[in-house]
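Written out below as structure tokens is the structure these notes cover.
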Amino acid sequence: AVGKVHYQALLVLKQGRAQEFTGRVELHLSGLNEGQAWTQGPEAVATLVLKPYQRLDGAIDFPKRAVLKQIDVRVFDEAGRQVVTESVRL
């Protein structure tokens, strides 16, 4: 058996930027598993084509005994450069 986290995100282009952004998004999970630091990722890698926004939703499995503490959302441009990072503490 596994744990599961469901996620929803709305990604929006910053005003004044180009009318479209193409890239990818990755989710990284972290927390504790049996008392030890634990990380998992990248997960839920999705291609982005923001015009001017894109909604993401889904679910990620993780070890049953893990305690999820944080999800990091990382957005990369077409060249593979990380352009945005957002962390959500749970």
Side-chain angles (χ1 to χ4, degrees):
V2 295
K4 187 175 291 244
V5 61
H6 296 269
Y7 65 89
Q8 292 182 329
L10 180 63
L11 304 173
V12 180
L13 278 176
K14 193 177 210 180
Q15 257 188 323
R17 288 230 172 180
Q19 295 298 309
E20 181 176 307
F21 172 84
T22 304
R24 73 179 198 282
V25 65
E26 297 178 352
L27 301 181
H28 297 256
L29 310 179
S30 61
L32 297 173
N33 189 5
E34 298 183 4
Q36 301 294 316
W38 161 83
T39 61
Q40 178 177 321
E43 297 289 338
V45 176
T47 301
L48 296 176
V49 181
L50 302 178
K51 306 187 215 180
Y53 64 91
Q54 183 173 337
R55 183 177 299 277
L56 299 175
D57 61 6
I60 301 172
D61 293 336
F62 61 90
K64 182 179 181 178
R65 292 196 167 127
V67 176
L68 186 57
K69 298 281 189 180
Q70 183 169 309
I71 300 174
D72 296 316
V73 181
R74 300 176 187 169
V75 177
F76 298 84
D77 64 14
E78 287 181 297
R81 291 181 301 249
Q82 186 172 317
V83 294
V84 175
T85 301
E86 185 71 33
S87 296
V88 179
R89 292 188 185 268
L90 306 171

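Along the sequence shown, residues carry numbers from 1. What you are looking at is a predicted structure, and each value in this text was computed from that prediction instead of being measured.
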Worksheet item: Under the side-chain contact (heavy atoms from CB on, under 4.5 Å) criterion, do Val83 and Phe21 qualify, and how do the steps go?
Response: CA-CA 11 Å; Val83 294; Phe21 172 84; 4.0 Å; yes
Which heavy atom in [X] sits nearest to a heavy atom in [Y], and how many Å separate them?
{"X": "Gly80", "Y": "Arg24", "value": "CA-NH1, 4.1 Å"}
{"X": "Leu13", "Y": "Leu50", "value": "CD1-O, 3.7 Å"}
{"X": "Ala46", "Y": "Leu56", "value": "CB-CD2, 4.3 Å"}
{"X": "Asp72", "Y": "Ser87", "value": "OD1-OG, 2.5 Å"}
{"X": "Asp57", "Y": "Gln8", "value": "CB-CG, 3.9 Å"}

Worksheet item: In terms of hydrophobic clustering (I, L, V, M, F, W, Y; side-chain heavy atoms under 4.5 Å; direct or indirect links), are Leu11 and Val45 co-clustered?
Response: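 No, separate clusters.
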Discussion item. Do Leu48 and Val73 land in one hydrophobic cluster if side-chain heavy atoms of ILVMFWY residues count as linked below 4.5 Å?
Written reply: yes
Report the residues that fulfil side chain to side chain contact (heavy atoms under 4.5 Å, CB included) with [X], sequence neighbours left out, ordered by chain and then residue number.
{"X": "Gln40", "value": "Leu29, Trp38, Glu43, Ile60, Phe62, Pro63"}
{"X": "Val67", "value": "Lys69"}
{"X": "Thr39", "value": "Ser30"}
{"X": "Thr85", "value": "Arg74, Gln82"}

Worksheet item: From Tyr7 OH over to Leu27 CG, what is the distance, rounded to the nearest 0.5 angstrom?
Response: 5.5 Å
Discussion item. Could you measure the distance from the NE2 atom of His28 to the CD1 atom of Ile71? Nearest 0.5 Å is fine.
Written reply: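 One finds 11.5 Å between NE2 of His28 and CD1 of Ile71.
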Worksheet, complete the sentence: Residue pairs meeting salt bridge (Lys or Arg N to Asp or Glu O under 4.0 Å), one or both in residues 77-90, sequence neighbours left out, come to Asp77-Arg81
Worksheet item: Does anything in residues 28-37 pair up under salt bridge (Lys or Arg N to Asp or Glu O under 4.0 Å), and if so which pairs, sequence neighbours excluded?
Response: Glu34-Arg65
